Amino acid sequence: MRDIVTNDPTTTDLGELRDRVGNLEDGFETLKTELADNTAATKRIEANTSDLVEAFANLKGAFKVLNWIGKFARPLGYIAGAIAAVVSLYTAFKAGTTVK
């Protein structure tokens with residue numbers, strides 16, 4: 001290749017250059033076609049999985065709500081247990097039950 005640049009090109013050298021440029025152009029056209037096919041496939045996959053992504057986002061929100069309910073329910077459980085214990089003691093005392 002250096003010879004072509006430094007010396008006067010011959011017809012054979014120019015023909016070789018044309019062939020190489022033609023091969024490069026063909027290669028670029030192939031790459032363009034493959035890139036367009038790949039882009040189309042990616043868009044189809046995105047369209048097909050958009051519902052799945054939305055479902056996962058909704059599940060994430062549902063888990064946040066359930067976590068909040070769990071944080072709220074834990075103290076309510078303690079309070080309900082304490083109330084049940086007091087009611088049990090009152091009922092036992094009213095019934096006259098003794099502990100032996």
Side-chain angles (χ1 to χ4, degrees):
M1 188 71 170
R2 183 179 288 280
D3 292 339
I4 294 172
V5 174
T6 56
N7 300 331
D8 288 333
T10 62
T11 306
T12 308
D13 294 336
L14 291 177
E16 180 184 333
L17 279 175
R18 283 190 199 105
D19 291 342
R20 293 176 79 179
V21 169
N23 289 339
L24 286 173
E25 287 174 346
D26 292 342
F28 284 130
E29 288 302 318
T30 303
L31 286 174
K32 282 182 184 179
T33 304
E34 290 177 359
L35 180 61
D37 292 344
N38 190 353
T39 302
T42 302
K43 288 181 179 180
R44 278 194 314 272
I45 290 170
E46 180 183 11
N48 290 339
T49 58
S50 64
D51 292 338
L52 187 60
V53 171
E54 184 179 344
F56 280 127
N58 290 338
L59 280 175
K60 185 178 178 182
F63 281 121
K64 282 183 182 179
V65 170
L66 289 174
N67 192 21
W68 293 337
I69 291 171
K71 287 180 180 179
F72 181 69
R74 187 176 297 136
L76 287 180
Y78 297 144
I79 293 169
I83 291 172
V86 169
V87 169
S88 297
L89 285 173
Y90 176 74
T91 304
F93 179 73
K94 190 174 178 180
T97 308
T98 60
V99 178
K100 295 183 185 185

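Just so it is clear, the model here is predicted, and its values are computed rather than measured.
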Spacing of [atom1] belonging to [X] relative to [atom2] belonging to [Y], to within rounding of 0.5 Å:
{"X": "D26", "Y": "L31", "atom1": "CG", "atom2": "CG", "result": "11.0 Å"}
{"X": "L35", "Y": "T30", "atom1": "CG", "atom2": "OG1", "result": "12.5 Å"}
{"X": "L24", "Y": "D19", "atom1": "CG", "atom2": "CG", "result": "11.0 Å"}

Legend entry - V21 and E25, any side-chain heavy atoms less than 4.5 Å apart: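 They are in side-chain contact.
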
Inset, instruction - Kindly write out the residues that satisfy side chain to side chain contact (heavy atoms under 4.5 Å, CB included) with V86, not counting sequence neighbours, or none if the list is empty. - result: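 Listed in chain order: nothing, the list is empty.
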
Which pairs of donor and acceptor atoms, one on a side chain in residues 59-83, lie under 3.5 Å apart (sequence neighbours left out)?
none

Legend entry - Side chain N38, main chain E34, donor-acceptor under 3.5 Å: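 Looks like no, no N/O pair under 3.5 Å.
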
Legend entry - E29 and K32 ion-paired at < 4.0 Å: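 Salt bridge between E29 and K32, a charged N being under 4.0 Å from a carboxylate O: yes.
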
